Amino acid sequence: MKKLLKTLTETFSPSGYEDAIREVIRKEIKPLADEIRVDALGNLIVRKGKGGKRIMVAAHMDEIGIIASHVDDNGFVRFEGVGGVMSRHLIGGRVRFINGTVGVIGSQRGKENSMEDMFIDVGATSKKDCPVKAGDIAAFERPFTDMGSRWVAKSMDDRIGVLVAIEALRALKSTPNEVYFVFTTQEEIGTRGATTSAFEINPDIGIAIDVTISADTPQAMKMDVGLGKGPAIKIKDSGMISDPRVVQWMEKTAEKAKIPYQREVLGGGTTDARSIQMARAGVPVGCISIPCRYVHSPSEMVDENDVKNSVKLLTLLLKTESKNFGSL
Amino acid sequence: MTELLPFLKSLMSVSALSGFEGPASEIIEKEWTSLVDEVSKSKLGSLHGLKRGNTNIKGKAKRPSILIATHMDAVGMMVTKVVDGFLYVTEIGGLDPRILPGTPVLVHGKKDLYGVVAMRSNRLVPDDHRTYEHDLDYLLIDTGLTPKEVAKLVRAGDLVSYNTQPIEMSGGEIISGHSLDNRASVAALTVCLQELQTRQHLWDVWAVATVQEEETMSGAYTSAYQLKPDIAIAIDVTFAKGPGSSGWDTFPLGDGPTIGLGPNVHTFIHKKMKEIAERIEIPHAIDFLPRHSGTDAYMLQVADTGAPTLVISIPLRYMHTPVEMIKLKDVRRAGRLLAEFIASLDADFINKISWE
């Protein structure tokens with residue numbers, strides 16, 4: 001699991017450029033799936049089982065990134081964020097462009113707070129010898145680090161969700177339901193892959209697997225989620241209210257299997273579940289969140305037990321017999 | 001058939017926040033059952049009432065339909081964390097934290113608990129936050145219970161709703177309380193359905209009480225996709241003139257509903273509605289909506305393959321507070337105007353629609 005997570009997080013695939021990560025995932029799930037296809041937006045759609053409830057499980061495979069806006073005469077690359085990039089995480093960091101070029105991020109003196117005043121130095125001396133041109137896309141360069149029971153990497157948002165989905169698919173030898181694991185594209189720029197894949201699949205239930213903020217650090221936001229206390233069952237975030245029936249189904253399943261869980265009310269951000277909920281005539285949705293510190297920084301931290309418990313919970317949910325869905 | 005005032009008061013007396021509209025839905029379903037031919041629910045919980053057209057339609061032509069959306073959810077709060085027996089909350093929908101301190105609330109934990117929104121003395125608030133604008137981060141809810149008791153009864157994700165009773169003012173013509181946004185419009189749509197009982201109308205009418213308008217408008221969006229109406233109208237509330245709000249975008253209480261105009265509104269539908277208001281002498285004003293109308297119409301317009309839309313609004317003071325205020329006259333007028341519009345729709349109306 002750890003080895004796969006290292007590969008997943010060290011792959012460079014910002015929103016809109018998910019080719020590399022899609023191939024990593026495809027290789028991993030190929031022996032496990034009943035059917036695999038890629039849709040027009042690049043979503044990797046993996047079916048397991050036939051008949052029963054149609055359940056869509058969405059884990060986004062894109063990550064936030066950086067895009068070059070122009071290169072100045074001295075070869076410094078100016079840039080903008082792709083997705084929710086925060087300037088405070090950037091200075092001194094490194095990025096890797098899709099073509100392999102690595103750059104370091106510097107800033108104009110005294111203007112360390114604004115992305116507009118930052119630049120990427122790729123070692124070029126002029127615009128002419130700069131290997132990066134406007135429109136080239138990059139992601140954070142930061143290796144996976146194993147701290148024991150806690151793991152740190154770039155793009156843990158949402159490669160940890162991708163890992164949970166893959167491991168659940170692996171654990172799911174059979175299911176009475178028709179499960180669609182969708183490794184979605186472009187989540188970070190507005191849950192766009194989920195919009196079209198949910199429209200196509202038209203599921204009965206939607207589950208997003210994503211990270212949430214772990215608010216157990218000094219002076220964190222007022223939120224009841226911490227690392228190591230179990231998967232977070234989302235009640236609400238700023239873009240979606242989970243269907244109470246789905247929340248109840250998740251909680252009951254966790255309680256029955258004695259899986260610890262937390263109730264998540266997130267003040268900022270949203271997930272693919274938002275788009276699934278609004279697909280066609282509407283879909284009851286919920287979200288299993290993996291608590292994560294420093295979300296959208298190059299060093300996102302998760303807890304091993306939370307990950308394992310998330311896999312367990314998701315697998316059990318997908319095995320639910322039709323008579324046990326209650327009012328869903 | 002219930003009278004308007006008691007019906008509206010019963011709607012205002014339940015807590016039905018976005019995503020948790022059950023209690024309001026129950027009351028509305030009970031009232032609509034006798035007014036429509038069929039009642040059903042969408043996958044997200046919006047209530048669909050179908051009143052079939054009752055005049056003959058030529059040949060095998062498909063009977064056109066109009067959807068009237070009134071959202072039944074309301075703004076409120078949700079517990080994010082319990083600290084030493086006090087509750088921290090986030091908002092459901094948009095709240096103005098300035099009006100929250102001192103507000104009586106109901107905390108919907110394992111059982112309903114009384115609570116008040118409290119804040120620390122100004123002296124105890126950090127310097128850079130010592131203003132009269134109070135961030136939700138610095139407000140908390142006190143239930144009067146011990147931390148131990150609270151821990152047993154309340155957890156993150158529990159709902160908190162305003163706990164104020166409706167007040168009749170001005171001899172019962174003005175009503176004030178929480179959730180008038182948008183239960184006043186639900187009442188107006190109900191008035192419209194009552195009017196239609198004795199009217200002939202060719203079009204099918206979908207009366208829809210939508211969910212989650214205050215958060216994502218997903219109710220209107222998904223119901224319009226499912227029902228595929230030929231015309232869609234949202235009834236909502238708009239800003240009434242009052243202390244400190246007197247601009248061009250505010251409207252007097254009691255001078256009639258407003259008819260929206262802007263890119264979120266089809267000019268032809270607007271013109272027809274205005275003509276009818278003039279013909280039956282219903283006072284009204286034009287509500288200019290330069291961008292997002294801030295109503296379900298925003299989503300109704302683009303759901304499925306799209307529909308011509310309109311917004312009818314009831315002027316309301318103190319939006320999203322526990323003391324919202326409307327005049328009943330405006331509710332009745334909005335209902336009557338809609339009924340008249342629906343009765344006027346002929347088989348050919350859609351083909352006559354022209355763009356400006």
Side-chain angles (χ1 to χ4, degrees), chain A residues 54 191 195 198-199 202-206 212-213 215-216 219-226 229 232-248 250-251 261-270 273-287 289 327-328, chain B residues 17-22 40-46 48 73 76-83 86-94 108 126 135-140 151 154-160 210-212 214-228 299 302-304:
Chain A
R54 295 163 69 83
T191 64
T195 304
F199 185 93
N202 195 14
D204 298 318
I205 299 172
T212 190
I213 288 170
D216 54 354
Q219 289 288 313
M221 60 199 290
K222 303 255 173 12
M223 187 183 168
D224 213 8
V225 174
K229 294 177 181 164
I233 294 176
K234 191 186 293 285
I235 313 296
K236 179 186 181 295
D237 61 32
S238 61
M240 192 269 311
I241 300 169
S242 296
D243 195 297
R245 295 166 294 181
V246 176
V247 170
Q248 207 183 30
M250 289 178 168
E251 289 184 339
Y261 70 90
Q262 319 182 56
R263 282 164 62 91
E264 173 203 352
V265 182
L266 177 64
T270 194
R274 172 190 167 91
S275 286
I276 304 173
Q277 185 173 53
M278 295 173 88
R280 297 202 190 214
V283 180
V285 294
C287 177
S289 303
S327 56
L328 265 172
Chain B
L17 310 184
S18 303
F20 306 87
E21 295 85 355
S40 55
K41 269 184 198 154
S42 81
K43 290 193 203 172
L44 299 190
S46 295
H48 297 170
D73 60 316
M77 290 162 267
M78 184 181 271
V79 175
T80 58
K81 190 172 188 166
V82 182
V83 181
F86 296 100
L87 318 178
Y88 285 92
V89 291
T90 186
E91 57 192 351
I92 292 180
H108 305 278
D135 203 304
L136 265 180
D137 277 357
Y138 291 93
L139 296 179
L140 31 86
V154 185
R155 50 187 191 158
D158 285 348
L159 300 171
V160 178
T210 60
V211 296
Q212 302 199 28
E214 299 289 1
E215 279 280 328
T216 57
M217 300 186 177
S218 54
Y221 190 56
T222 52
S223 286
Y225 178 90
Q226 185 184 338
L227 304 174
K228 308 196 186 321
M299 296 309 252
V302 295
D304 196 32

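The sequence lines fix the lettering, A, B, ..., with proteins before strands; numbering per chain opens at 1. Keep in mind the model is a prediction, meaning the values are calculated, not measured.
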| Looking at NZ of A:K229 and CG of A:D216, how far apart are the two atoms once the value is rounded to the nearest 0.5 Å? | 6.0 Å
| Between B:Q212 and chain A, which part of the residue has a heavy atom less than 4.5 Å away: side chain, backbone, both or neither? | side chain
| Sub-4.5 Å side-chain heavy-atom contact between A:I233 and A:E264 | no
| task | Check whether B:V83 gets within reach of chain A through its side chain, its backbone, both or neither, counting any heavy atom under 4.5 Å. | result | neither
| Salt bridge between B:D304 and B:K228, side-chain N to carboxylate O under 4.0 Å? | yes
| chain A interface, residue from B:E215, B:E91, B:K81, B:Q226 that has the most non-hydrogen pairs under 4.5 Å | B:K81
| field | Cationic N near anionic O, under 4.0 Å, A:R245 to A:E251 | value | no
| message | A side-chain contact here means heavy atoms from C-beta on lying under 4.5 Å apart; do A:S238 and A:L266 qualify? | response | no
| query | Just checking, is any N or O donor in the side chain of A:T212 or A:S289 under 3.5 Å from an acceptor N or O on the other one? | reply | no
| message | Need one label for B:T216: side chain, backbone, both or neither, based on atoms under 4.5 Å from any heavy atom in chain A. | response | both
| field | Side chain, backbone, both or neither of A:V283 within contact of chain B (heavy atoms, under 4.5 Å) | value | backbone
| request: Select one option (side chain, backbone, both, neither) describing which atoms of B:S46 are under 4.5 Å from chain A's heavy atoms. | output: neither
| task | Mark yes or no: A:K222 above the aromatic ring of B:Y88, with NZ or CZ under 6.0 Å from the six-membered ring centre and no more than 45 degrees from the axis. | result | yes
| field | Part of B:I92 within contact of chain A (heavy atom distance under 4.5 Å) | value | both
| remark: From the list A:D243, A:V225, A:D204, A:D224, the residue making the most non-hydrogen contacts under 4.5 Å with chain B is A:D224
| message | Let's test your reading of the structure: which of B:G157, B:G19, B:A303, B:S42 forms the most heavy-atom pairs below 4.5 Å with chain A? | response | B:G157
